[in-house]
Novice: 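Sharing a structure here in structure tokens format.
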Amino acid sequence: MTQPLDQREIEALAPGWRVQVFDEVRSTNDVARSLGLQGEDACLAVLAEAQTAGRGQRSNRWVTPRGLDIMLSVLLRPTVPVNLWPRLTTLAALASAEAIEDVCPVKALIKWPNDVYIGQRKVCGLLAETVFGKQPFIILGIGLNVNTRDFPPELANLATSLANEVGTPVPRVPVAAALLNRLTERLGQWEAGFEQALMTVRERSMLLGRTIRARVEERIVHGRVRELNHEGHLVLERVDGSTEVLTSAAEVRPDAFL
Amino acid sequence: MDLNQIQKIVELMAANNVTFFEWEREDGAITLKRGHDIDGLSELLSKLPAPAAPIAYAPAPMGAPSSAAPAAAAPAAASAAPAEEVGPAIHSPMVGTFYRSSAPGEKPFINVGDSVDENTTVCIIEAMKVMNEIKAEVRGTIARLLVEDGKPVQYGQPLFQLK
């Protein structure tokens with residue numbers, strides 16, 4: 001275990017955020033969600049040293065050893081129209097990639113739509129849940145591998161951590177603060193400014209221009225990624241020249257990864 | 001694959017009401033589509049500026065007129081009485097993928113015959129890995145499920161029929 005996360009230190013480095021650090025939770029998303037339902041204001045960041053039931057996409061589990069990495073969930077109450085809420089993924093993936101580069105001399109790329117990679121290995125994933133109702137809110141969950149050095153064999157070639165990339169332990173407080181500060185900056189482009197953020201996302205895209213396979217519903221789609229469109233959706237061009245716009249896909253793999 | 005074979009496939013697609021065919025081998029690939037250009041339509045829709053209020057959604061794909069509940073739809077739909085008084089519908093607030101439960105294998109949020117109110121979660125619409133928990137926002141009883149689990153939905157598309 002590295003130095004514990006200290007909420008005051010993080011708050012001092014990330015103005016505008018209220019930070020709560022828990023020792024062990026089922027998932028930081030669950031905690032942030034129940035705080036949201038209790039009426040907690042936006043810009044609340046929940047972190048935990050250990051997570052017993054962290055969530056990935058739908059039922060995927062996110063592996064998180066104690067005290068090494070960052071499990072962060074932030075509570076947001078966006079004022080933008082609801083149909084623009086899915087833009088959050090694009091903005092948050094960008095913010096995460098930038099935060100990683102703020103603290104480590106690496107190049108972080110975005111694998112559409114919600115993962116951040118260093119080289120050909122995943123370092124960070126994010127997932128958001130919205131709760132509509134009288135006072136709607138979004139919980140954005142970010143899992144970032146900071147100091148995990150050993151991954152289970154099935155992940156060894158697929159996952160990395162900041163510490164593995166730089167070869168030494170990486171203090172987590174500055175990483176958490178960088179994430180929050182970059183989020184503040186990029187979430188300001190949710191409505192006006194989104195196109196500008198997208199330009200940077202395209203520059204960091206791992207998939208743009210590449211041939212990929214992905215699962216959409218029960219089909220496998222195959223084609224070249226022609227564009228990330230004005231909403232950050234992926235435009236796939238099939239061999240016959242026809243296109244398909246994806247807002248959702250699973251098991252997205254560039255051909256070279258097969 | 002020569003023209004005769006392609007023609008055969010087209011005939012088979014028409015005979016069996018298949019709308020999409022994709023075939024791929026090392027020496028080439030072919031994609032055949034019948035009916036409306038749903039992809040083109042959905043791309044067009046996604047390019048429209050966001051309207052202030054829900055607009056009419058894209059017409060349902062051919063072969064699935066809403067009056068004749070598709071046989072392939074969830075079995076629960078079969079229990080819905082056909083000529084019931086038609087109430088309001090619950091619409092999708094966004095483009096995305098429709099899920100009836102919180103995770104694969106979990107119980108659906110609601111079934112035909114369930115009462116809902118403003119705060120009842122009825123489904124999840126996933127777009128760009130944002131899981132949007134959709135509330136009924138009206139009171140009523142679920143009469144029909146209009147979309148199958150895991151299928152794409154458009155902005156403003158009716159998801160559930162109430163009575």
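Letters go in sequence order (proteins before strands), and every chain restarts at 1. Side chains included, hydrogens not; waters and symmetry mates left out as well; all remaining heavy atoms used.
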Novice: For residues A:Pro113 and B:Lys129, report the shortest heavy-atom separation together with the two atoms involved.
Specialist: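 Smallest heavy-atom distance, with atoms named: CG-CG, 3.6 Å.
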
Novice: Find the distance between CD1 (B:Ile124) and CD (A:Glu129) and round it off to the nearest 0.5 Å.
Specialist: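 If we round to the nearest 0.5 Å, B:Ile124:CD1 and A:Glu129:CD are 7.5 Å apart.
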
Novice: A quick test of your reading: do over 12 heavy atoms of other residues, nucleotides or ligands sit less than 6.0 Å from CD of A:Gln196?
Specialist: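 Not buried by this count: 12 neighbours or fewer within 6.0 Å.
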
Novice: To the nearest 0.5 Å, what is the distance between CZ on A:Phe132 and CG on B:Asn119?
Specialist: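 Reported value, rounded in 0.5 Å steps: 13.5 Å.
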
Novice: With side chain to side chain contact (heavy atoms under 4.5 Å, CB included) as the test, would you mind laying out the steps for B:Met128 and A:Thr90 before giving the verdict?
Specialist: CA-CA 8 Å; B:Met128 301 290 287; A:Thr90 303; 3.3 Å; yes

Novice: Ignoring hydrogens and geometry, is there a side-chain-to-backbone donor-acceptor pair from B:Lys135 to A:Lys134 under 3.5 Å?
Specialist: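 Checking the backbone N and O of A:Lys134 against the side chain of B:Lys135, no donor-acceptor pair under 3.5 Å is found.
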
Novice: Hey, does A:Val82 have a side-chain heavy atom less than 4.5 Å from the side chain of B:Met94?
Specialist: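 Sidechains of A:Val82 and B:Met94: in contact.
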
Novice: Do side-chain atoms of A:Thr247 reach the backbone of B:Ala127 as a donor and acceptor pair under 3.5 angstrom?
Specialist: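 Side chain of A:Thr247 to backbone of B:Ala127, a donor-acceptor pair under 3.5 Å: no, none is there.
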
Novice: State, to 0.1 Å, how close B:Val130 and A:Trp85 come at their nearest heavy-atom pair, and which atoms those are.
Specialist: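 Minimum heavy-atom separation between B:Val130 and A:Trp85: CG2-O, 4.2 Å.
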
Novice: Go through the steps to decide whether B:Met131 and A:Leu127 satisfy the test side chain to side chain contact (heavy atoms under 4.5 Å, CB included), and finish with yes or no.
Specialist: CA-CA 8 Å; B:Met131 305 292 159; A:Leu127 189 66; 4.0 Å; yes

Novice: For a salt bridge (charged side-chain N to carboxylate O under 4.0 Å, His left out) check, start with the C-alpha distance between B:Glu133 and A:Arg33, then their side-chain angles and the critical distance, and finish with the verdict.
Specialist: CA-CA 12 Å; B:Glu133 206 174 77; A:Arg33 181 193 173 91; 2.7 Å; yes

Novice: What's the spacing between B:Tyr99 OH and A:Ser248 OG if we round to 0.5 Å?
Specialist: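 OG of A:Ser248 is found 5.0 Å from OH of B:Tyr99.
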
